[in-house]
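Report on the structure given below.
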Amino acid sequence: GPGAGQLCCLREGGERCGRAAGNASFSKRIQKSISQKKVKIELDKSARHLYICDFHKNLIQSVRNRRKRKGSDDDGDSPVQDIDTPEVDLYQLQVNTLRRYKRHFKLQTRPGLNKAQLVEIIGCHFRTIPVNEKDTLTYFIYSVKNDKNKPDLKMDSGVH
């Protein structure tokens, strides 16, 4: 995983955590949401990454979930894979884009699905794709610098 060979980036009670980092990462949002919770963990300033160990990931999740639940456990909330899974609104995409996604990943669906069904199927698949954040960002920056997005524009605007 991305945190391979690194130690958890957190300090607990003033001591750097000695556990191996997993692939969950610590963010400003998490820091804020646990700061009200009397949990004595913080980012170690000397850590050069944001990956945290599974122990702290679970700790943070249990701390953050307590507030949300308010005693009702039946809101059908499935456990989140990563602490910070941003919700992507696939409804914003055009049906053609959704179909291209489906083709690209060879997702098995019956023909003639409507948009809602496509969004549901693709959403489930999308959430299972592991992403190496560092590689993705590196590639994104490389693409922007090298203007890799120009050919696409030509294709779409060919209707003059």
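Note that the structure is a prediction, hence the values are computed from the model and not measured.
Two different hydrophobic clusters hold Leu137 and Val144 under the rule that ILVMFWY side chains link at heavy-atom gaps under 4.5 Å. Hydrophobic clustering, with ILVMFWY side chains joined whenever heavy atoms are under 4.5 angstrom apart, keeps Phe55 apart from Ile41.
Rounded to the nearest 0.5 angstrom, Cys17 SG and Arg19 CZ are separated by 4.5 Å. Considering CZ of Arg99 and CZ of Arg103, their distance stands at 9.0 Å, rounded to 0.5 Å. Atom CG in Leu50 sits 9.0 Å away from atom CG in Leu10 (nearest 0.5 Å). Between the CG atom in Leu7 and the CD1 atom in Ile52 there is a gap of 13.5 Å [rounded to 0.5 Å].
Counting heavy atoms from C-beta on, the side chains of Leu93 and Val119 never come closer than 4.5 Å.
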Can you list the steps and then say if Phe26 with Ile34 is a side-chain contact (heavy atoms from CB on, under 4.5 Å)? CA-CA 11 Å; Phe26 196 66; Ile34 61 174; 4.1 Å; yes
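Separation of the His125 and Tyr101 ring centroids falls under the 6.0 Å cut-off.
In this structure, His49 and Cys8 approach most closely via the heavy-atom pair CE1-C, 4.5 Å. Heavy-atom minimum distance, Ile30 versus Ser25: CD1-O, 3.4 Å. Considering every non-hydrogen atom in both Cys53 and Ala20, the closest pair reads CB-O, 3.2 Å. Scanning all heavy atoms of the two residues, the minimum distance from Leu113 to Thr109 falls at CD1-CB, 3.4 Å. The minimum heavy-atom distance between Leu90 and Leu98, with the atom names listed, is O-CD2, 4.0 Å. Between Tyr51 and Gly22 the shortest heavy-atom distance is CB-O, 3.6 Å.
Looking at Glu15, its side chain never comes within 3.5 Å of a backbone N or O of Glu12 through a donor-acceptor pair.
Sorted by first and then second residue, the salt bridge (Lys or Arg N to Asp or Glu O under 4.0 Å) pairs with a member in residues 108-120 form an empty list; sequence neighbours excluded. The list of salt bridge (Lys or Arg N to Asp or Glu O under 4.0 Å) pairs with a residue in residues 42-54, not counting sequence neighbours, reads Arg11-Glu42, Arg11-Asp44, Arg16-Asp44.
Surrounding CZ of Phe140 are at most 12 heavy atoms belonging to other residues, nucleotides or ligands under 6.0 Å away.
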